[in-house]
Amino acid sequence: MIKLACQLNDIMPGTGVCALIEGRQIALFRPSAAAEVFAIDNRDPFFAANVLSRGIVGEHEGELWVASPLKKQHFRLRDGHCLENAAMSVQSYPVEVRDQQVWVAV
């Protein structure tokens with residue numbers, strides 16, 4: 001099921017926001033001014049805290065990631081894979097940007 005999360009302009013380039021979709025906190029990231037958005041769970045699995053949307057977005061060797069604001073573990077934006085510990089990865093969600101609206105499949 002695909003749900004409207006927000007307007008593209010609600011996400012400042014280089015940052016993330018949190019959207020509540022179907023009872024789930026989902027972190028949405030817009031790495032640049034382009035109309036490209038990524039969605040992963042907002043819950044940091046290391047601390048069971050909903051904080052990933054407040055993390056720092058970065059890139060290394062062509063891979064975009066977010067660093068958790070707590071202990072700085074890195075989660076790849078395209079698939080939620082934790083770069084430090086694959087057992088602690090988070091769910092990722094397909095995203096579409098249509099007419100300046102961000103839609104997430106949950």
Side-chain angles (χ1 to χ4, degrees):
M1 163 181 351
I2 191 158
K3 295 287 193 173
L4 177 62
C6 65
Q7 299 297 313
L8 182 62
N9 289 336
D10 291 337
I11 312 170
M12 297 295 297
T15 69
V17 298
C18 182
L20 185 61
I21 304 173
E22 295 292 309
R24 298 178 192 160
Q25 285 194 28
I26 298 183
L28 302 169
F29 298 96
R30 184 177 177 191
S32 70
E36 180 181 36
V37 178
F38 296 88
I40 62 174
D41 277 334
N42 193 39
R43 192 170 187 81
D44 180 328
F46 290 92
F47 293 93
N50 291 310
V51 296
L52 291 181
S53 63
R54 297 185 216 140
I56 297 170
V57 176
E59 178 185 358
H60 181 68
E61 295 181 0
E63 290 285 354
L64 294 167
W65 46 260
V66 62
S68 172
L70 297 175
K71 290 285 189 171
K72 308 300 185 246
Q73 286 87 0
H74 299 84
F75 297 91
R76 203 164 45 206
L77 294 183
R78 70 176 165 86
D79 61 8
H81 175 81
C82 178
L83 301 179
E84 288 80 18
N85 182 343
M88 300 298 273
S89 294
V90 297
Q91 173 86 31
S92 65
Y93 302 91
V95 178
E96 292 180 31
V97 178
R98 295 186 244 153
D99 299 322
Q100 300 298 302
Q101 295 178 323
V102 178
W103 295 80
V104 178
V106 291

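Just so you know, residue 1 is the first one in the sequence shown, and it goes up from there. Bear in mind that the values here come from a model prediction, so they are computed numbers and not experimental data.
- Nearest heavy-atom pair across His81 and Ala86 is CE1-CB, 3.5 Å.
- Annotation: the span from Gln91 atom CD to Arg43 atom CZ amounts to 14.5 Å, rounded to 0.5 Å.
- Note that CD of Gln100 is 11.0 Å distant from CG of Asp10, once rounded to the nearest 0.5 Å.
- Under the 4.5 Å side-chain contact rule for hydrophobic residues, Leu64 and Leu83 do not share a cluster.
- Only one option out of Val17, Ile11, Val104 pairs with Val37 in a side-chain contact (heavy atoms from CB on, under 4.5 Å); it is Ile11.
- Proximity of Gln101 to Glu96: side-chain heavy atoms (C-beta onward) are nowhere separated by under 4.5 Å.
- Under the 4.5 Å side-chain heavy-atom criterion for Ile, Leu, Val, Met, Phe, Trp and Tyr, Phe75 and Val51 are members of the same hydrophobic cluster.
- Listed here is the closest heavy atom pair of Pro45 and Ser89: CG-O, 4.5 Å.
- Contact check for Asn9 versus Arg30: side-chain heavy atoms found under the 4.5 Å cut-off.
- A salt bridge is defined here as a Lys NZ or Arg NE, NH1 or NH2 lying under 4.0 Å from an Asp or Glu carboxylate O, and Arg24 with Glu22 fails to meet this definition.
- Nearest approach of Asn50 to Gln25, heavy atoms of both residues: CB-OE1, 3.1 Å.
- In this structure, OG on Ser68 lies 5.0 Å from CG on Leu52, to the nearest 0.5 angstrom.
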List the steps and the verdict of side chain to side chain contact (heavy atoms under 4.5 Å, CB included) for Glu84 and His74.
CA-CA 7 Å; Glu84 288 80 18; His74 299 84; 2.6 Å; yes

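- Judged purely by atom type and a 3.5 angstrom limit, Arg98 has no side-chain atom pairing as donor or acceptor with the backbone of Val102.
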Carefully, step by step, assess Lys3 and Trp103 under the rule side chain to side chain contact (heavy atoms under 4.5 Å, CB included).
CA-CA 5 Å; Lys3 295 287 193 173; Trp103 295 80; 5.5 Å; no

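- No continuous path of hydrophobic side-chain contacts links Val106 to Leu4 [ILVMFWY only; heavy atoms under 4.5 Å].
- Atom CG of Leu8 is separated from atom CG of Asp99 by 11.0 Å, given to the nearest 0.5 angstrom.
- Taking each heavy atom of Phe47 and Lys71 in turn, the nearest pair found is CZ-CG, 3.0 Å.
- A single hydrophobic cluster is not seen to contain both Tyr93 and Leu77; linkage of ILVMFWY side chains at heavy-atom distances under 4.5 Å, directly or through other members, places them apart.
- Distance check: Gln73 CD to Phe46 CZ gives 4.5 Å after rounding to the nearest 0.5 Å.
- Between the OG atom of Ser32 and the CD atom of Glu59 there is a distance of 10.0 Å, given to the nearest 0.5 Å.
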Verify side-chain hydrogen bond (donor to acceptor under 3.5 Å, both in side chains) between Ser92 and Asp79, making sure each step is shown before the conclusion.
CA-CA 5 Å; Ser92 65; Asp79 61 8; over 6 Å; no

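- Val90 and Ile26 fall into different hydrophobic clusters, defined by Ile, Leu, Val, Met, Phe, Trp and Tyr side-chain heavy atoms under 4.5 Å apart, directly or through other members.
- When all heavy atoms of Ala5 and Ile21 are compared, the pair lying nearest together is CB-CD1, 3.7 Å.
- Taking each heavy atom of Phe29 and Ser53 in turn, the nearest pair found is CZ-CA, 3.8 Å.
- Around the CD1 atom of Ile56, the shell of radius 6.0 Å holds no more than 12 heavy atoms that belong to other residues, nucleotides or ligands.
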